[in-house]
Amino acid sequence: METSPGLRRWVSMATKARSPWKRSNPRKRAGKQSKHLTSAQKATAKARARRAGRPYPNLVDNMRMASKASKKKTAKKRPAKKTARPRTARKSAKKTSRKTARKSSARAREKDPKGGLTAAGRAAFARKDGSHLKPGVTVPLSEMTPQDMRRKGSWAVRFYGRKKLPPLVDDRGRPTRHALSAHAWGEPVPRTVAAARRIAAKGERLLQRYRRIQQKR
């Protein structure tokens with residue numbers, strides 16, 4: 001006699017070490033109140049038993065309906081997927097990124113990659129705090145005016161004559177912005193403390209020469 005798949009599953013469950021009907025109700029063991037199937041669930045379980053050729057009521061079909069109900073409850077409790085950000089939020093994020101990119105590009109244009117500030121950089125400082133920055137003095141000593149000597153000498157002493165110098169090269173051995181400022185004043189870019197001190201000594205000589213000219217006047 002050929003048996004249905006449902007009956008074979010029921011027989012396999014019945015022949016296990018401890019069948020469900022031989023175990024106590026787990027909800028009672030946990031001190032919880034037993035749950036009962038609804039009338040619709042009972043009707044579905046009865047139809048399932050009839051298709052499988054089993055008498056009803058039986059524990060197999062009732063357990064099957066109870067497990068389906070618990071799975072539905074678990075699915076409802078799962079958190080919903082995060083919805084996509086509103087279009088307005090995406091637009092504002094794009095605008096912010098564009099503004100940041102424009103600001104960074106503007107700052108890059110204000111700095112001369114070889115050292116010092118560009119004309120745009122000097123104009124930006126003038127707008128911010130009203131300062132009147134001028135380009136560095138790059139002419140030779142024979143062509144310098146007393147004011148050029150004072151400016152270049154003051155810069156050299158301030159930048160490279162201080163007691164503790166900032167780093168002149170980075171971790172990759174590239175000159176820092178502090179070292180590159182020498183290029184804007186017509187001096188070789190220092191990579192060592194000794195080279196920086198030579199520029200500072202040259203600045204001291206320029207200041208002394210400027211003072212002598214002023215005394216003669």
Side-chain angles (χ1 to χ4, degrees), residues 78-217:
R78 288 176 184 170
K81 291 182 179 180
K82 291 183 179 180
T83 56
R85 288 191 300 175
R87 186 174 294 179
T88 55
R90 292 198 297 270
K91 285 184 178 179
S92 62
K94 285 182 180 179
K95 286 182 180 178
T96 305
S97 63
R98 286 173 189 160
K99 286 181 180 178
T100 306
R102 284 197 295 268
K103 285 182 180 179
S104 61
S105 62
R107 284 195 295 267
R109 288 195 298 271
E110 292 171 3
K111 294 180 180 180
D112 190 342
K114 294 181 180 180
L117 295 174
T118 61
R122 292 190 292 273
F125 271 95
R127 288 193 302 269
K128 289 176 184 177
D129 51 16
S131 57
H132 299 284
L133 300 178
K134 296 179 181 179
V137 179
T138 57
V139 297
L141 181 60
S142 59
E143 299 178 13
M144 283 187 191
T145 64
Q147 294 302 321
D148 291 340
M149 296 177 190
R150 181 187 61 80
R151 287 186 59 228
K152 188 165 185 176
S154 177
W155 160 80
V157 173
R158 280 187 293 106
F159 267 64
Y160 302 122
R162 62 183 71 178
K163 187 175 181 181
K164 185 177 180 180
L165 288 174
L168 299 173
V169 292
D170 59 11
D171 297 337
R172 298 183 181 179
R174 298 174 301 186
T176 59
R177 294 297 302 179
H178 188 80
L180 287 172
S181 62
H183 181 271
W185 290 83
E187 296 295 328
V189 176
R191 293 176 177 269
T192 62
V193 176
R197 297 306 186 197
R198 284 195 293 271
I199 297 175
K202 183 177 180 179
E204 285 286 357
R205 292 193 297 271
L206 286 172
L207 289 175
Q208 290 173 6
R209 188 164 183 172
Y210 167 74
R211 294 189 192 103
R212 287 196 298 269
I213 293 172
Q214 292 297 104
Q215 287 174 1
K216 287 180 181 180
R217 289 182 179 179

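Residue numbers count from 1 along this sequence.
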Are the side chain of [X] and the backbone of [Y] linked by a donor-acceptor contact shorter than 3.5 Å?
X	Y	answer
R197	Y160	yes
R150	P146	no
R122	L117	yes
R158	G153	no

Hey, does [Y] have a side-chain heavy atom less than 4.5 Å from the side chain of [X]?
X	Y	answer
M149	L207	no
T138	E187	no
V169	T192	no
H178	L168	yes

On a heavy-atom basis, which atom in [X] and which in [Y] lie closest, and how many Å separate them?
X	Y	value
T118	K111	CG2-C, 3.8 Å
A195	P190	CB-CB, 3.8 Å
L165	A196	CD1-CB, 3.7 Å
A182	I199	CB-CD1, 4.2 Å

To the nearest 0.5 Å, what is the distance between [atom1] on [X] and [atom2] on [Y]?
X	Y	atom1	atom2	answer
I213	Q147	CD1	CD	10.0 Å
H132	K134	NE2	NZ	10.0 Å
M144	K152	CE	NZ	4.0 Å

If you count every heavy atom of other residues, nucleotides or ligands that lies below 6.0 Å from R209 atom CZ, does the total exceed 12? no
Using the test side-chain hydrogen bond (donor to acceptor under 3.5 Å, both in side chains), find all partners of T145 that sit at least two apart in sequence or belong to another chain. D148
Got a sec, which pairs hit ring-ring contact (aromatic ring centres under 6.0 Å, His included) with one end in residues 183-212, sequence neighbours left out? W155-W185
What do the steps show when you test L180 against K114 for side-chain contact (heavy atoms from CB on, under 4.5 Å), and what is the final call? CA-CA 6 Å; L180 287 172; K114 294 181 180 180; over 6 Å; no
With sequence neighbours left out, the residues meeting salt bridge (charged side-chain N to carboxylate O under 4.0 Å, His left out) with R174 are D170
